Amino acid sequence: MSAKAAARPSDRRRPEHEALLVEHLARRGLRVTSQRLTTWSTIRAGPDHMSIHAVFERVAEHMPSTTLRTVYEAVHLLEQMGLVRLLHLP
């Protein structure tokens, strides 16, 4: 993924991939939450193909109170924004 987000003053301390997510959320009027940021960072840091359960396990290492539902919702939102693609395997 080579999309580049324009840095805003408040985003200068954020890694580029986080700034990209913040920009996408702002365009849709959605809140930037630690769960969304952690899910996005986990996907970016992980192997190319991860199951949602694998993403959840990694997110839960950093945020033990996060639920599987929260990760599902974050991943589906990332898909709607075009940042990830879900593969539905049999």
Side-chain angles (χ1 to χ4, degrees):
M1 204 177 310
S2 62
K4 203 168 189 177
R8 290 185 219 138
S10 62
D11 293 338
R12 287 190 183 138
R13 290 169 287 181
R14 293 185 185 276
E16 187 175 331
H17 71 274
E18 283 188 12
L20 177 64
L21 177 59
V22 169
E23 181 181 312
H24 277 271
L25 291 169
R27 273 193 250 140
R28 289 168 174 76
L30 298 172
R31 292 182 322 142
V32 176
T33 65
S34 57
Q35 292 88 350
R36 290 173 178 165
L37 288 172
T38 303
T39 300
W40 175 232
S41 293
T42 299
I43 291 169
R44 296 278 305 171
D48 287 345
H49 303 286
M50 293 175 64
S51 70
I52 291 181
H53 286 275
V55 173
F56 167 69
E57 289 172 358
R58 291 185 184 197
V59 169
E61 289 174 8
H62 301 285
M63 303 181 78
S65 62
T66 299
T67 65
L68 181 59
R69 178 182 175 148
T70 299
V71 173
Y72 263 99
E73 290 172 353
V75 169
H76 285 285
L77 178 61
L78 293 170
E79 181 185 34
Q80 290 172 358
M81 293 189 292
L83 296 175
V84 299
R85 185 171 8 145
L86 293 177
L87 301 175
H88 300 279
L89 303 174

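Residues take their numbers from the sequence shown, with the count starting at 1. Just so you know, these numbers come straight off a predicted model, no measurement behind them.
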Practice problem: Output the distance between atom CE (M81) and atom CD (E79), rounded to the nearest 0.5 Å. | Solution: 11.0 Å
Quiz item: More than 12 non-hydrogen atoms from neighbouring residues, nucleotides or ligands closer than 6.0 Å to CZ on R85, yes or no?
Solution: no
Quiz item: To the nearest 0.5 Å, what is the distance between OG1 (T66) and CD (Q35)?
Solution: 5.0 Å
Quiz item: Is the CZ atom of R27 crowded by more than 12 outside heavy atoms at less than 6.0 Å?
Solution: yes
Quiz item: Tell me the salt bridge (charged side-chain N to carboxylate O under 4.0 Å, His left out) pairs involving residues 68-78, sequence neighbours left out?
Solution: R69-E73
Quiz item: Linking I/L/V/M/F/W/Y whenever their side-chain heavy atoms sit closer than 4.5 Å, directly or via other members, would L87 and M50 fall into one cluster?
Solution: no
Self-check item: Atom pair OH (Y72) and CG (L77), whose distance is rounded to the nearest 0.5 Å
Solution: 16.0 Å
Self-check item: Distance-only polar pair, side chains of T38 and S41, donor-acceptor under 3.5 Å
Solution: no
Self-check item: Which atom of L21 lies closest to which atom of R36, heavy atoms considered
Solution: CD2-O, 3.7 Å
Self-check item: Test log, rule side-chain contact (heavy atoms from CB on, under 4.5 Å), inputs T42 and E61
Solution: CA-CA 11 Å; T42 299; E61 289 174 8; over 6 Å; no
Quiz item: Which is it for L83 and H24 under the side-chain contact (heavy atoms from CB on, under 4.5 Å) test, yes or no, and what are the steps along the way?
Solution: CA-CA 9 Å; L83 296 175; H24 277 271; 3.6 Å; yes
Quiz item: Got a second to check how far L78's CG is from W40's CH2, nearest 0.5 Å?
Solution: 6.0 Å
Practice problem: Mind listing the closest non-hydrogen atom pair of V71 and F56 along with its distance? | Solution: CG2-CD1, 3.8 Å
Quiz prompt | Exercise: identify the closest heavy-atom pair between V75 and V84 | solution = O-CG2, 3.8 Å
Quiz item: Taking only residues at least two apart or on different chains, which pairs with a member in residues 46-58 satisfy side-chain hydrogen bond (donor to acceptor under 3.5 Å, both in side chains)?
Solution: none
